[in-house]
Amino acid sequence: MTYVVVLLLGIFFGMLLTNGEVISWFRIQEMFYFDSFHMYGVMGSAVIVGALAMVVLRKLQLRAAGGAPIVVEPKELHKGTVIGGLLFGIGWAFTGACPGPLYALAGSGYGAFLLALLSAIGGSFVYGLLHEKLPH
Amino acid sequence: MDAFSSFWPWYVTGPLIGLYVPALYLLLNRHFGVSSTFRDICAACLRPNVPYFQYNWKAHRWRLVFVAGIAIGAFLARGTLATPATGQISPHTLATLSRLGVRDFSTLVPADLFSWHSLTTVRGLLLTIGGGFLVGFGTRYAGGCTSGHSIHGIATLQPASAIATLCFFAGGVFATIIILPRILAL
């Protein structure tokens, strides 16, 4: 049952990314040229609504389904946050897609993005192989 | 069904995306994030014998269901859009890209850069395969992407995510302004 809800959430997310033009290569170029507010509006309002909702969850002491207290895992800060972040930024500008939109573009029939998605999985694979050797 | 045939403004799309952060905590007690599925797929399908991939990926199966949903949802959305044309892109961006040699402005993605045919060109390969590789490598190295860091991480007030997001944009602006014109000239 949970998986059905997750699948529906995923489907609606794919629609949000498409109807909201987040999968548009042009919107991403426009964002990096600072030519339009569109993408900043999408991300900025997402962050504000997400942050406010998390404050409400905490104030009401809401629990996750099943009754466990909600635990926010800390994101680690290390050298990779900067180096990996810069590399991802370059890939984001090239493909015009971050990971969510890669799945969306591959699914919506832009054939070349099937290969971009496979290449991203390959990139994660190479990272995993080098994980111990890279500075963190 | 009118709402599904047109593009949505940022103030509809953004807040709805933001609600995925509390929704996934309430439903699964998990954080919102997409790029971790690249690792799950490697661990599940390729079973590489290195520590980074030795973890219980099955405990995160929900993420794979979620991204499968993204692909299906995008497929449905593209079918319901009245016109696949790109939205109201800034004239300055369009003029700049046109000057750099981009020719196809008919859909969300320029076919002269991203199509089966473009994969036979150097610039198409660099953008599609090279760009994809950097997305997968960089997000795993940084520990998250736009969803995990920029939206979930900043919404939960994590300093690492703010720094990661600044780096995403620094890399993106550098690539768009400095690298992309050189690739498009190939």
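Chain naming here is simple, since letters A, B, ... match the order of the sequence lines and numbering starts at 1 in each. Owing to the predicted nature of the structure, the values given are computational and were not obtained by experimental measurement.
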Item to complete: Kindly check if the number of other-residue, nucleotide or ligand heavy atoms within 6.0 Å of CD (B:Gln54) is above 12?
Response: yes

Item to complete: Determine, using ring centers only, whether B:Trp10 and A:Phe37 are less than 6.0 Å apart.
Response: yes

Fill in: Validation row: A:Leu115, B:Ile129 side chains within 4.5 angstrom (heavy atoms)
yes

Worksheet item: Rounded to the nearest 0.5 Å, how far apart are CZ of B:Phe133 and CD1 of A:Ile90?
Response: 13.0 Å

Discussion item. Please classify the contact of A:Glu30 with chain B as side chain, backbone, both or neither, using a heavy-atom distance under 4.5 Å.
Written reply: both

Worksheet item: Are A:Leu134 and A:Leu77 connected, step by step, through hydrophobic side chains (Ile, Leu, Val, Met, Phe, Trp, Tyr) whose heavy atoms are closer than 4.5 Å?
Response: no

Fill in: Test of ring centre spacing under 6.0 Å for B:Tyr141 and A:His131
no

Worksheet item: chain A: which of B:Thr37, B:Val50, B:Thr128, B:Leu26 shares the most heavy-atom pairs with it under 4.5 Å?
Response: B:Leu26

Fill in: B:Phe137 vs A:Phe88, ring-ring contact (aromatic ring centres under 6.0 Å, His included): CA-CA, chis, key distance, verdict
CA-CA 7 Å; B:Phe137 186 92; A:Phe88 162 51; over 10 Å; no

Item to complete: Decide whether A:Ile48 and A:Val55 are clustered together by the hydrophobic rule: side chain heavy atoms of Ile, Leu, Val, Met, Phe, Trp, Tyr closer than 4.5 Å, transitively.
Response: no

Discussion item. Quick check for you: among B:Thr176, B:Leu97, B:Leu28, B:Ile179, which has the greatest number of heavy-atom pairs under 4.5 Å with chain A?
Written reply: B:Thr176

Worksheet, complete the sentence: Smallest heavy-atom separation, B:Gly18 atom then A:Val49 atom, equals C-CG1, 4.4 Å

Response to the item:
Ranking B:Arg39, B:His149, B:His152 by heavy-atom pairs under 4.5 Å to chain A gives rank one to B:His149

Discussion item. Run the ring-ring contact (aromatic ring centres under 6.0 Å, His included) test on B:Phe105 and A:Trp25 for me, step by step, so that the C-alpha distance in whole Å, both residues' side-chain angles and the decisive distance to 0.1 Å come before the verdict.
Written reply: CA-CA 10 Å; B:Phe105 295 93; A:Trp25 187 82; 8.7 Å; no

Fill in: B:Trp8 vs A:Leu16 side-chain heavy atoms within contact, under 4.5 Å
yes

Discussion item. Do A:Val72 and B:Gln158 make a side-chain contact, defined as non-hydrogen atoms from C-beta onward lying under 4.5 Å apart?
Written reply: yes

Worksheet item: Given the rule in the side-chain contact (heavy atoms from CB on, under 4.5 Å) test, do B:Val173 and A:Phe34 qualify, once you have shown the distances and angles that lead to the verdict?
Response: CA-CA 9 Å; B:Val173 169; A:Phe34 301 102; 3.8 Å; yes

Worksheet item: Between B:Ile177 and A:Phe32, is any pair of side-chain heavy atoms under 4.5 Å apart?
Response: no

Discussion item. Just so I understand: if I count every heavy-atom pair under 4.5 Å between each of B:Val135, B:Val21, B:Thr165 and chain A, which residue has the most?
Written reply: B:Val135

Practice prompt. Go through the steps for B:Leu166 and A:Val82 under the test side-chain contact (heavy atoms from CB on, under 4.5 Å), then give the verdict.
Written response: CA-CA 9 Å; B:Leu166 283 177; A:Val82 173; over 6 Å; no

Worksheet item: Where do B:Thr146 and A:Trp92 come nearest, in terms of heavy atoms and distance?
Response: CG2-CH2, 3.8 Å

Discussion item. Taking the six-membered ring for Trp, are A:Tyr127 and B:Phe38 closer than 6.0 Å centroid to centroid?
Written reply: no

Practice prompt. Taking all heavy atoms of A:Ser108 and all of B:Ala74, pick out the closest pair and write down the distance.
Written response: CB-O, 3.6 Å

Discussion item. Tell me whether B:Phe75 shares a hydrophobic cluster with A:Leu114, the cluster being built from Ile, Leu, Val, Met, Phe, Trp, Tyr side chains joined at under 4.5 Å.
Written reply: no

Discussion item. Taking the ring of A:Phe13 and the ring of B:Phe32, is the distance between their centroids below 6.0 Å?
Written reply: yes

Worksheet item: Honestly, is B:Arg78 close enough over A:Tyr110, meaning NZ or CZ under 6.0 Å from the six-membered ring centre and within 45° of the axis?
Response: yes

Worksheet item: Below 4.5 Å, heavy atoms only, C-beta onward: do A:Phe125 and B:Leu46 meet side chain to side chain?
Response: yes

Discussion item. Looking only at heavy atoms and a cut-off of under 4.5 Å, which of A:Pro101, A:Ser119, A:Gly107, A:Ala93 has the most pairs with chain B?
Written reply: A:Ser119

Discussion item. Can you give me the closest heavy-atom contact between A:Ser124 and B:Gly136, atom names plus distance?
Written reply: OG-O, 3.0 Å

Worksheet entry | B:Asn56 atom CG, over 12 foreign heavy atoms within 6.0 Å | yes

Discussion item. Side-chain heavy atoms nearer than 4.5 Å, only ILVMFWY residues, links allowed to pass through others: does that put B:Leu27 and A:Val56 together?
Written reply: yes

Worksheet item: Got a second to check how far A:Lys75's NZ is from B:Leu157's CG, nearest 0.5 Å?
Response: 14.5 Å

Fill in: Proximity breakdown for A:Leu17 and chain B, heavy-atom pairs closer than 4.5 Å
side chain

Worksheet item: Is A:Tyr3 atom OH crowded by more than 12 heavy atoms from other residues, nucleotides or ligands, each under 6.0 Å away?
Response: yes

Worksheet item: What distance separates B:Thr139 OG1 from A:Leu102 CG, expressed to the nearest 0.5 Å?
Response: 9.0 Å

Worksheet, complete the sentence: Counting heavy-atom pairs under 4.5 Å with chain A, the top scorer among B:Pro48, B:Gly153, B:Pro91 is B:Pro48

Discussion item. Using side-chain contact (heavy atoms from CB on, under 4.5 Å), reason through A:Phe12 and B:Tyr20 one step at a time and then give a plain yes or no.
Written reply: CA-CA 11 Å; A:Phe12 188 65; B:Tyr20 276 75; 3.5 Å; yes

Item to complete: Give a yes or no answer on whether the side chain of B:Asn29 reaches the backbone of A:Val71 with a donor-acceptor pair at less than 3.5 Å.
Response: yes

Worksheet item: NE2 of A:His136: more than 12 outside heavy atoms within 6.0 angstrom?
Response: yes

Worksheet item: What residue in A:Ile28, A:Val5, A:Leu57 has the most heavy-atom pairs under 4.5 Å with chain B?
Response: A:Leu57

Fill in: Side chain, backbone, both or neither of A:Leu129 within contact of chain B (heavy atoms, under 4.5 Å)
both

Worksheet item: What pair of heavy atoms forms the shortest contact from B:Ile89 to A:Ser24, and how long is it?
Response: CD1-OG, 4.4 Å

Item to complete: Select one option (side chain, backbone, both, neither) describing which atoms of A:Met31 are under 4.5 Å from chain B's heavy atoms.
Response: side chain

Discussion item. Tell me if a side-chain donor or acceptor on A:Asn19 pairs with a main-chain N or O of B:Phe7 at a distance below 3.5 Å.
Written reply: no

Discussion item. If we define contacts as heavy-atom pairs under 4.5 Å, which of B:Phe174, B:Phe53, B:Trp62 has the most with chain A?
Written reply: B:Phe53

Discussion item. I'd like to check A:Leu7 versus B:Phe66 (side-chain heavy atoms, cut-off strictly below 4.5 Å). Are they in contact?
Written reply: no

Worksheet item: Measuring heavy-atom distances to chain B, does A:Leu130 have an atom under 4.5 Å in its side chain, in its backbone, in both, or in neither?
Response: side chain

Worksheet entry | B:Ala155 to A:Gly50 - nearest heavy-atom pair and separation | CB-C, 3.8 Å

Item to complete: Report yes or no: do A:Tyr33 and B:Ser90 form a side-chain donor-acceptor pair below 3.5 Å?
Response: no

Item to complete: Go through B:Cys167 and A:Thr81 one step at a time and tell me if the side-chain contact (heavy atoms from CB on, under 4.5 Å) criterion holds.
Response: CA-CA 8 Å; B:Cys167 294; A:Thr81 315; over 6 Å; no

Fill in: Cluster link A:Leu60 to A:Leu52, ILVMFWY, side chain under 4.5 Å
no

